[in-house]
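Lettering of chains follows the sequences in order, A, B, ..., and the numbering in each one begins at 1. None of the values given here were measured: they were computed from a predicted structure.
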There are 2 protein chains.
Amino acid sequence: MRVDRPPLAGYFGTPAEYIVHNRLVYNPDIEDDKALRTSADRVFEALQDAIVRGEIPPGSRVGETELAERFGTSRGPLREALRRLESRRLVERTPHVGIRIASLGYAALLEIYYVREALEGMAARLAAMYMTAAEVAGLKDLLVTHEQDEALRADTAYFQQEGDLDFHYRVIQGSHNTALTELLIGELYHRIRMYRYQVSAYANRPQKAFGEHQRIVEAIEARDGDLAEMLMRRHISSARQNIEKHMKENT
Amino acid sequence: MRVDRPPLAGYFGTPAEYIVHNRLVYNPDIEDDKALRTSADRVFEALQDAIVRGEIPPGSRVGETELAERFGTSRGPLREALRRLESRRLVERTPHVGIRIASLGYAALLEIYYVREALEGMAARLAAMYMTAAEVAGLKDLLVTHEQDEALRADTAYFQQEGDLDFHYRVIQGSHNTALTELLIGELYHRIRMYRYQVSAYANRPQKAFGEHQRIVEAIEARDGDLAEMLMRRHISSARQNIEKHMKENT
DNA sequence: TCAACCCGCATTGTCGACAATCAAGCGACC
DNA sequence: GGTCGCTTGATTGTCGACAATGCGGGTTGA
């Protein structure tokens with residue numbers, strides 16, 4: 001389903017696998033999926049996945065011992081995983097009290113969207129400047145795939161959401177700015193994905209977003225950094241306003 | 001020297017004290033300086049300070065046992081501190097091999113400045129929208145203090161650098177966006193400060209920067225978000241180009 | 001009856017020891 | 001002579017136990 005892509009610029013697997021050891025892993029296939037290097041890595045990935053998917057209720061308090069035996073390890077590696085999740089703002093720890101799973105409210109989500117707007121706007125600008133011709137070609141291929149996808153036409157949300165993420169991942173990576181990439185993909189996107197699972201049924205707007213994606217790619221292909229940044233900012237700003245509208249309706 | 005400020009919008013103490021437990025501490029005075037809550041907090045703060053100040057040579061490899069006895073604690077809390085520093089990109093860890101102090105090269109520094117330009121531009125825009133009148137007044141007072149400062153006129157760099165940081169801290173905080181604030185102050189600025197210690201003698205441009213600060217404040221006071229963002233972006237972009245110029249001269 | 005204090009329990013923080021892994025140095029073989 | 005493989009040493013990863021801290025229930029006093 002997501003295999004036949006030009007290998008030069010592709011992410012593979014689920015987004016949760018992109019980050020290993022605080023580093024971006026661009027091709028996890030060369031690493032053993034099941035047996036990551038250290039035990040802390042395994043529990044970190046498993047816990048992050050469980051939190052992002054909402055298997056552990058957001059806002060709930062959990063004990064270290066409980067989690068340790070749940071993941072079949074000791075408290076040592078578990079605490080290392082917790083520390084990493086804390087830096088990603090997926091759990092909150094207060095000394096001598098315990099840990100609780102982060103819950104992303106509307107206000108926090110909107111804050112992140114302002115950050116996204118700034119960072120991804122810059123990413124689009126840099127992508128227009130530094131993306132290789134092959135990367136641009138891969139981006140265009142991705143859009144063709146999305147256009148032909150039945151789910152997109154049917155407004156079925158889920159795949160479009162993943163496809164949307166894929167598009168943004170590629171633009172971000174196209175900036176060739178590792179600090180920017182790690183900040184967005186390594187820290188912000190996990191929280192956004194968590195929110196998507198929390199309130200799975202919020203109306204996105206695949207058709208409109210698809211058109212905006214196309215224009216962004218056109219600007220990148222034309223090496224027009226100013227335009228690419230502006231379009232990306234408006235794209236994300238629209239998404240934010242869409243959320244704000246829903247927020248007011250649901251309160 | 002840095003005490004008599006309106007208490008509503010001020011940072012106190014050195015920047016290293018702003019972050020405790022991954023949270024921003026806006027008034028560390030209420031917490032005990034010497035005896036932070038847990039042992040891991042103490043070693044974390046001490047180690048971060050040592051790294052940022054360059055007391056431990058960047059790029060050097062250090063052992064856990066060595067660091068543990070240096071800070072008078074066990075390897076447990078030390079490892080926790082290391083994990084936090086890793087998430088701040090101040091140390092790099094490779095499993096089963098060891099840790100090395102991060103060294104910030106020119107390329108990485110320039111990358112961060114692009115991120116700064118995007119984020120602080122957005123911060124200036126939000127500050128123009130959401131800063132309280134009292135915060136704006138405090139910002140103006142700060143500029144007056146800088147103007148009267150002898151060191152500024154004499155182009156003495158150090159205090160201007162700290163004053164520059166103070167100005168930027170206030171604008172960032174004025175955005176009233178915690179995600180943005182934590183990203184900038186909690187993660188990026190430590191690396192920038194580390195660089196300042198590494199190559200302490202790079203020419204900044206206090207006079208020019210001071211004038212730019214003034215115009216940014218004017219835009220914020222006029223509640224002109226567009227202008228504030230544009231000015232802040234040009235301000236940081238100038239600093240980046242200044243670094244690029246030095247980079248080419250020194251190679 | 002309510003509030004404040006005290007005590008026990010549960011949970012987290014810390015420590016030391018053991019096991020797993022990697023890097024380097026030496027030797028043997030091609 | 002060069003390269004491959006093994007062995008050794010050191011360092012990190014993991015585990016279990018102990019100590020410190022915070023929280024909640026119970027009791028006592030006004």
Hey, are A:E92 and A:R100 close enough for a salt bridge, meaning a charged N less than 4.0 Å from a carboxylate O?
-> no
B:R75 CZ to C:dA17 P: how many Å, rounded?
-> 12 Å
Rounded to the nearest 0.5 Å, how far does CG of B:L188 lie from OH of B:Y113?
-> 10.5 Å
Check every strand shown and say whether B:G98 touches a base, only sugar-phosphate, or nothing at a heavy-atom separation below 4.0 Å.
-> sugar-phosphate
Across the strands shown, which category fits A:V62 at heavy-atom distances under 4.0 angstrom: base, sugar-phosphate, nothing?
-> sugar-phosphate
Between the protein and nucleotides 19-22 of chain C, list the N/O to N/O atom pairs that are separated by less than 3.5 angstrom.
unit_1, atom_1, unit_2, atom_2, d
C:dC22, OP1, A:R37, NH2, 3.4

Side chains of A:H176 and A:E135: donor-acceptor distance under 3.5 Å anywhere?
-> yes
Between C1' of D:dT11 and CD1 of B:I99, the distance in whole Å | 11 Å
Salt-bridge present (B:E244, B:K248; N to O < 4.0 Å) | no
Atom CZ of B:R93 and atom C1' of D:dT11: how far apart are they, to the nearest Å?
-> 13 Å
Nucleotide C:dT12, atom C1' - distance to CZ of A:R100 in whole Å | 16 Å
To the nearest Å, how far apart are B:E69 CD and D:dT11 C1'?
-> 14 Å
Taking only N and O in the side chain of A:T65, is any of them less than 4.0 Å away from OP1 or OP2 of C:dT11?
-> no
Taking the six-membered ring of A:F71, is the NZ or CZ of A:R42 close enough (under 6.0 Å from the centre) and on axis enough (within 45°)?
-> no
Is a salt bridge present between A:E66 and A:R70, judged by a nitrogen-to-oxygen distance below 4.0 Å?
-> no
Look at all strands and tell whether B:G63 reaches a base, only sugar-phosphate, or nothing, counting heavy atoms closer than 4.0 Å.
-> sugar-phosphate
Taken to the nearest whole Å, CZ/A:R83 to P/C:dT12 is 13 Å
When B:R61 and A:A40 are each assigned the nearest nucleotide of DNA chain D, the 5'-most assignment goes to B:R61
Is A:R88 salt-bridged to B:E187, going by a charged N under 4.0 Å from an acidic O?
-> no
Phosphate OP1/OP2 of C:dT14: any B:T38 side-chain N/O under 4.0 Å | yes
B:D41 atom CG is separated from C:dG13 atom C1', nearest whole Å, by 11 Å
SB check B:R170 B:D141 (cutoff 4.0 Å) | no
What distance do B:Y169 atom OH and B:I172 atom CD1 have between them, rounded to the nearest 0.5 Å?
-> 7.5 Å
Five-pair end axes of the helix from C:dT1-D:dA30 to C:dC30-D:dG1 and the angle they enclose, rounded to 10° | 10°
May I ask you to evaluate whether B:T73 reaches the phosphate of C:dC15, defined as a side-chain N or O under 4.0 Å from OP1 or OP2?
-> yes
Which of these nucleotides, C:dT12, C:dC15, D:dC15, is closest to any side-chain atom of A:E64?
-> C:dT12
Closest nucleotide among C:dT14, D:dT14, D:dG13 to the B:S39 side chain = C:dT14
Any ion pair linking A:E182 and B:R89 (charged N to carboxylate O, less than 4.0 Å)?
-> yes
When the distance from CZ of A:F44 to P of D:dG13 is rounded to whole Å, what number comes out?
-> 15 Å
